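Taking it in order: structure first as structure tokens, then the write-up.
Residue numbers start from 1 in every chain, and the chains themselves are labelled A, B, ... in the order their sequence lines are given, proteins ahead of strands. These figures come from a predicted structure and were not determined experimentally.
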Amino acid sequence: MELFSSDYLYISTAEQLSQVKTAISQARSRFFGIDLETTGLDPYENQIRLIQVATSNNPVFIFDLFKFQDLSSLQDIFDNGATKVFHNAKFDLKFLKTAGFVVNGPFFDTMLAYKIVTAGEYKGANLKELCFELLGVEIEKEEQISDWSVPDLTESQLEYASKDAAILLPLQRVLMEEVMNNMLYQVAKIEFEAIEPTVEIELNGMLIDSSKLETLKTEAETELKILQSELQSEFQNSDLNLNSPQQVKKALISKGIEVKSTSKSALVPLVGDFPILGKILRYRKEFKLNTSFLSSLPCHVHPKTGRVHPTLWQMGAVTGRYSCSNPNLQQIPRESKVRECFIVPPGKKLIIADFSQIELRVVAELTQDKKMLAAFNNGEDLHSLTASLVCQKPISQISKEERTKAKAINFGLTFGMSVFALKNYTLINYGLEMSWWQAWRFHDRFFEAYPALKEWHQTEKEKMSSECFTMSGRRRKFPEESWFTVRLNTPVQGTAADIMLISLAFLFEKLKGTETKIIGTIHDEILLEAPESQAAEAANILEDSMKKGGETFLKSVPVEVDVKIGMNWGAK
DNA sequence: ATTTCGAGCGCG
DNA sequence: AAAGCGCGCTCGAAAT
């Protein structure tokens, strides 16, 4: 196995720096491989020790930031038109931005590129594995966790640092070739241009109202204690652990309530006969609320910024969506009492915008179903329309409940949900019972009402291929040719993800130079924090960016965005 | 004692 | 009888 090596030049004096600046400005390299070594993982707590820059036909330049008083003298490194190649650019850009550097794109991220090329194949994307798989080269990572704050770095540390930057150039070449050969250029561009907004969102974070959270937590705990003791006495078992599905199942059976599982979908249909099940469900809801959200959110408040800084993972989901963690803002309960805990500082406003029914619009665009297109173009409410079509009565006579059931149908049946699943889905998500005959009838009438959807399902069912694409050309591979529902869902969810990323890039550009910050994105929603005086203008920019993002792919249906300005995330 | 796994459930 | 897609977090139980 070939061991990768590289020459490097260690720069620690002003004199060396000025010489190297000339070399960099004359580098003519279209690509700069850039890597950092830092004293830790937190840009608000830790420092950059080294900046390594690899160009073609030069040794790797290693800048030791601990040896320079004034870091601004290093800014020139980034002031050029070269494509900046990083592995996980988000990490490095967060540090560079916090340290005051302005890094101009375009960017190429080898980690994201690898994920684009391999989406659906469930492969790790760390640098060592990429080098091995794509270049047949072994790199050592032992020094990665070494102490980067020592006064004088070892030869081995510098050697390691230089290799990590140097390897980015051949890696970029191979990955770019893969991207081009598979027509993944557009999606790569979308992902790379979303890096900066992602960096900004993570650095900005959100402000939370800790005292309000504390109040809610106390309330929840009181409620929880009451429910627990009531349940334990009803089961005549003071040791019963209500969080153990195993124990709960046993306890229920001993009371003559035969259940296969203790999941919500198994319990809800029986609540009418056994009120105790309702109590169990209420206990679980309160417990989840308390442990997953009320108790854990304050733990994520950063000591330096006083805000929570969730981690966003581009392509965290195989469809192209972000995933989010620490904390996962994508799963904060919708109840306004919880969302009201996400606030803005005095003098600021929170702007909330979400795409209206974006996935259904993508479905309409994909299938070109005449009725769907007409409904969207006439500004009709699609859920009411579906209700009217499946219930066979005029929209004006549709009840609230019928509309809600139609909503479930619109989401479920477009993605290949079975009749059984539809019935269950409606129950779990909307608390509405649907009889078998009703579910069947809705299913049949739905596809009669939207013939192009029926055709779409037919085509996808017969298709024999183990990959599918979004409108940006984003590819997802899957192991079975017969993954019908994945084939339906991925282009829809994935195209909506494409649209979100494009919108964020537009938005990021338009907000440059303003005091408005992007502070969150949740699938089809974007959150901004703006000075009060600029809120209205920022809301316009946000709406425009999202519409423009949507219009990249939606040509036959209008893109609609709901925008609200308020003081917290619970604002209606 | 520590890691892994599945159940359950929050969100879009 | 039949169980839409995409995630992350928390717990208890099983596995190591």
Side-chain angles (χ1 to χ4, degrees), chain A residues 119-120 240-250 259-269 280-297 299-300 310-335 338-339 354-360 362-363 407-429 436 439-440 443 446 457 460 468 470 476 478 483-497 499-500 520-526 569:
Chain A
L240 177 63
N241 184 344
L242 292 160
N243 298 319
S244 162
Q246 223 172 63
Q247 292 184 35
V248 170
K249 187 177 171 185
K250 230 169 102 184
V259 284
K260 282 204 301 287
S261 114
T262 69
S263 72
K264 198 171 169 182
S265 60
L267 301 190
V268 171
I280 292 174
L281 292 171
R282 260 163 51 218
Y283 170 87
R284 282 219 281 246
K285 194 176 164 62
E286 286 296 322
F287 189 87
K288 173 100 180 170
L289 177 69
N290 195 35
T291 51
S292 291
F293 307 111
L294 304 180
S295 297
S296 78
L297 269 174
C299 304
H300 292 288
T311 309
L312 284 170
W313 300 97
Q314 285 179 247
M315 288 173 280
V318 272
T319 53
R321 275 184 174 182
Y322 281 105
S323 71
C324 178
S325 57
N326 302 312
N328 181 1
L329 286 198
Q330 293 173 340
Q331 56 173 171
I332 300 298
R334 298 176 62 187
E335 283 175 89
V338 182
R339 295 214 171 178
D354 65 296
F355 286 109
S356 161
Q357 302 180 347
I358 189 71
E359 293 197 347
L360 283 177
V362 172
V363 168
K407 197 171 166 182
I409 298 170
N410 278 335
F411 288 119
L413 298 186
T414 37
F415 304 132
M417 191 189 279
S418 68
V419 172
F420 182 95
L422 170 68
K423 192 174 179 291
N424 193 26
Y425 176 88
T426 314
L427 181 64
I428 295 302
N429 284 278
W436 281 116
W440 266 117
H443 179 273
F446 179 83
H457 279 218
E460 295 303 328
C468 60
T470 70
R476 176 180 178 185
F478 37 87
W483 277 18
F484 169 59
T485 53
V486 166
R487 201 192 300 283
L488 292 181
N489 179 259
T490 304
V492 178
Q493 190 181 116
T495 299
I499 287 171
M500 172 52 81
T521 171
I522 303 97
H523 301 311
D524 62 351
E525 183 177 2
I526 297 176
W569 197 14

- [ ] Check whether any side-chain N or O of Ser325(A) sits under 3.5 Å from a backbone N or O of Asn328(A) as a donor-acceptor pair, and report yes or no.
- [x] no
Task: Side chain Arg476(A), main chain Val318(A), donor-acceptor under 3.5 Å - done: no
- [ ] Take atom CG of Asp524(A) and atom P of dG6(C), then tell me their distance rounded to the nearest Å.
- [x] 18 Å
TODO: Classify the nucleic acid contact of Thr414(A) as base, sugar-phosphate or nothing, counting any heavy atom under 4.0 Å across all strands shown.
DONE: nothing
Open item on the list: Looking at His443(A) and Leu422(A), would you say the former's side chain and the latter's main chain have a donor-acceptor pair under 3.5 Å?
Closed with: no
Open item on the list: Which residues pass the salt bridge (charged side-chain N to carboxylate O under 4.0 Å, His left out) test with Glu359(A), not counting sequence neighbours?
Closed with: Arg321(A)
TODO: Could you check whether Ile332(A) gets within reach of a base, just the sugar-phosphate, or nothing at all, counting any heavy atom under 4.0 Å?
DONE: sugar-phosphate
Task: Dot-bracket summary - DNA chain C, pairs being Watson-Crick or G-U whose distances fall under 3.5 Å, with | when paired to another strand - done: ....||||||||||||
Open item on the list: What is the distance, to the nearest angstrom, from the NZ atom on Lys260(A) to the P atom on dA7(B)?
Closed with: 14 Å
Task: Nearest-Å distance for atom pair CG/P, residues Leu422(A) and dC5(C) - done: 14 Å
Task: side-chain N/O Thr262(A) vs dG8(B) OP1/OP2, d < 4.0 Å - done: yes
Open item on the list: Taking the minimum atom-to-atom distance to the side chain of Val318(A), which one of dG12(B), dC7(C), dA3(C) wins?
Closed with: dC7(C)
TODO: For Trp483(A), report the nucleic acid contact type (base, sugar-phosphate, nothing); a contact means any heavy atom under 4.0 Å.
DONE: nothing
Task: Integer-rounded Å distance: dG8(B) P and Tyr283(A) OH - done: 15 Å
- [ ] Grab the CD1-P distance between Ile499(A) and dG12(B) for me, whole Å please.
- [x] 18 Å
TODO: Compute the centroid of each ring, for Phe484(A) and then for His457(A), and state whether the two points are separated by less than 6.0 Å.
DONE: yes
- [ ] Determine the contact category for Asn424(A): base if any of its heavy atoms lies under 4.0 Å from a base atom, sugar-phosphate if only primed atoms, P, OP1 or OP2 are that close, otherwise nothing.
- [x] base
TODO: Please confirm whether any donor atom in the side chain of Arg334(A) sits under 3.5 Å from an acceptor in the base of dG10(B), or the reverse.
DONE: no
TODO: Measure the CZ-SG distance between Phe478(A) and Cys468(A) for me, rounded to the nearest 0.5 Å.
DONE: 4.5 Å
Open item on the list: Can you measure Ile428(A) atom CD1 to dA7(B) atom C1' for me and round it to whole angstrom units?
Closed with: 14 Å
TODO: Tell me what Lys264(A) touches on the nucleic acid: a base, only sugar-phosphate, or nothing, going by heavy atoms under 4.0 Å.
DONE: sugar-phosphate
- [ ] Report yes if the side chains of Thr485(A) and Phe415(A) come closer than 4.5 Å at any heavy-atom pair, otherwise no.
- [x] no
Task: Candidates dA3(C), dC5(C), dG8(B) - which lies nearest the side chain of Arg476(A) - done: dC5(C)
Open item on the list: Rounded to whole Å, how long is the line connecting atom CE of Met315(A) with atom P of dC7(C)?
Closed with: 13 Å
- [ ] Answer yes if the side chains of Glu525(A) and Trp569(A) hold a donor-acceptor pair under 3.5 Å, and no otherwise.
- [x] yes
- [ ] Please measure how far the C1' atom in dA3(C) lies from the corresponding atom in dA7(B), and state the result in whole Å.
- [x] 15 Å
TODO: Identify the heavy atoms of Ala408(A) and Thr426(A) that sit nearest to each other, and give their distance.
DONE: CB-OG1, 3.6 Å
- [ ] Please report the closest heavy-atom contact between Ala496(A) and Ile358(A), naming both atoms and the distance.
- [x] CB-CG2, 4.1 Å
Open item on the list: In whole Å, I'd like the distance from the CG atom of Asn429(A) to the C1' atom of dC9(B).
Closed with: 11 Å
Open item on the list: Return a single string for nucleotides 8-15 of chain C, one symbol per nucleotide in 5' to 3' order, where B is base contact, S is sugar-phosphate-only contact and - is none, cutoff 4.0 angstrom on heavy atoms.
Closed with: BBSSSSS-
